[in-house]
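Have a look at the structure below before the remarks.
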Amino acid sequence: QVQLVESGGGLVQAGGSLRLSCAASGRTSNFYTMGWFRQAPGKEREFVAATRWSGGSTAYVEAYVDSVKGRFTISRDNAKNTVYLQMNSLKPEDTAVYYCAADRTWGFNTAQTTDPGAYDYWGQGTQVTVSS
């Protein structure tokens, strides 16, 4: 049974930083794609960032929603079975519950990478609140 456990959420002022962690019970190297999604009250779950095995010399490639580009960085440490989301220059509109997601399917395309319905495994979520 795969378990993903997020941590690192909290309350921060606008302009501040947080680092979210997602620890997997299994080997993260088995997950070709791992991502972060978020859901604000009354809104649908939206894609934030993902790291996907490319099969090439660059190993993993990252993808981000436009609203977080240049502010958020996703990374993974397969030795620790953990994926991270470093969030800098936080804004009040970043306030949401952040979820870690993972999938073992090889070859996610761009549409699948950003589609929450494409991921098989989810964490319970961690709250991020950014005050103005």
Side-chain angles (χ1 to χ4, degrees):
Q1 181 76 13
V2 173
Q3 286 189 324
L4 304 175
V5 180
E6 302 99 333
S7 61
L11 173 64
V12 65
Q13 289 188 333
S17 299
L18 285 173
R19 188 176 81 153
L20 305 184
S21 299
C22 172
S25 59
R27 295 171 61 179
T28 53
S29 58
N30 292 336
F31 299 112
Y32 287 112
T33 305
M34 297 192 74
W36 288 94
F37 290 76
R38 64 187 179 188
Q39 188 165 17
K43 294 188 177 182
E44 294 185 351
R45 191 168 298 190
E46 69 164 349
F47 169 76
V48 176
T51 171
R52 172 171 57 87
W53 172 253
S54 71
S57 59
T58 55
Y60 291 99
V61 294
E62 290 76 46
Y64 300 91
V65 67
D66 286 346
S67 61
V68 308
K69 285 181 179 177
R71 300 188 298 123
F72 290 12
T73 302
I74 188 171
S75 61
R76 63 195 295 169
D77 186 339
N78 288 338
K80 296 182 178 180
N81 296 322
T82 301
V83 64
Y84 304 96
L85 185 67
Q86 177 66 44
M87 305 186 295
N88 299 328
S89 302
L90 282 161
K91 304 176 181 180
E93 50 264 43
D94 295 319
T95 295
V97 177
Y98 283 69
Y99 296 92
C100 175
D103 201 274
R104 292 174 172 153
T105 305
W106 161 255
F108 264 24
N109 58 29
T110 299
Q112 289 169 310
T113 300
T114 60
D115 177 10
Y119 290 77
D120 283 341
Y121 304 101
W122 290 87
Q124 82 289 349
T126 185
Q127 177 70 47
V128 171
T129 303
V130 184
S131 63
S132 57

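Fair warning: this is a prediction, and the values are worked out from it, not measured in the lab. Numbers here are sequence positions counted from 1.
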Show the nearest heavy-atom pair for residues Ser21 and Thr82, with the distance to one decimal. CB-CG2, 4.3 Å
If you measure from OG1 on Thr51 to OH on Tyr32, what distance do you get to the nearest 0.5 Å? 13.5 Å
Carboxylate-amine/guanidinium contact Asp94 Lys91, below 4.0 Å: no
For Val83 and Trp36 the tightest heavy-atom approach is O-CZ2, 3.8 Å
Indicate yes or no for a side-chain donor-acceptor contact from Thr129 to the backbone of Thr95 under 3.5 Å, with no hydrogens or angles considered. no
Could you give the distance from CZ (Arg38) to CZ (Arg45), rounded to the nearest 0.5 Å? 13.0 Å
Testing the basics here: between Lys69 and Tyr64, what is the closest heavy-atom pair and its distance to 0.1 Å? CE-O, 3.4 Å
Same cluster or not: Phe47 versus Val61, using hydrophobic residues (I, L, V, M, F, W, Y) connected whenever any side-chain heavy atoms lie under 4.5 Å apart? no
Can you list the steps and then say if Leu20 with Val128 is a side-chain contact (heavy atoms from CB on, under 4.5 Å)? CA-CA 9 Å; Leu20 305 184; Val128 171; 4.0 Å; yes
Any residue meeting side-chain hydrogen bond (donor to acceptor under 3.5 Å, both in side chains) with Tyr119, in chain and number order, not counting sequence neighbours: none
One pair to check against side-chain contact (heavy atoms from CB on, under 4.5 Å): Phe72 and Val65. What are the steps and the verdict? CA-CA 10 Å; Phe72 290 12; Val65 67; over 6 Å; no
What heavy-atom pair brings Cys22 and Leu4 nearest, and what distance separates the two atoms? SG-CB, 3.9 Å
What's the spacing between Gln86 CD and Arg71 CZ if we round to 0.5 Å? 12.0 Å
Which heavy-atom pair separates Met34 from Ile74 by the least distance, and what is that distance? O-CD1, 3.8 Å
Does CZ belonging to Arg104 count more than 12 external heavy atoms closer than 6.0 Å? yes
Whether the side chain of Glu6 engages the backbone of Gly125 through a donor-acceptor N/O pair (distance < 3.5 Å, no angle test) should be reported. yes
Given side-chain contact (heavy atoms from CB on, under 4.5 Å), test Thr33 with Tyr60 step by step and report yes or no. CA-CA 9 Å; Thr33 305; Tyr60 291 99; over 6 Å; no
What closest approach, in Å, do Ala50 and Thr113 show between heavy atoms, and which atom pair accounts for it? CB-CG2, 3.4 Å
Between the main-chain N or O of Asp120 and the side-chain N or O of Asp103, is there a donor-acceptor pair closer than 3.5 Å? yes
Is there a path of hydrophobic side-chain contacts, each under 4.5 Å between heavy atoms of I/L/V/M/F/W/Y residues, joining Tyr84 to Phe37? no
Val130 vs Met87, side-chain contact (heavy atoms from CB on, under 4.5 Å): CA-CA, chis, key distance, verdict: CA-CA 11 Å; Val130 184; Met87 305 186 295; over 6 Å; no
Would you compute the distance between atom SG of Cys100 and atom CD of Gln3 and round it to the nearest 0.5 angstrom? 12.5 Å
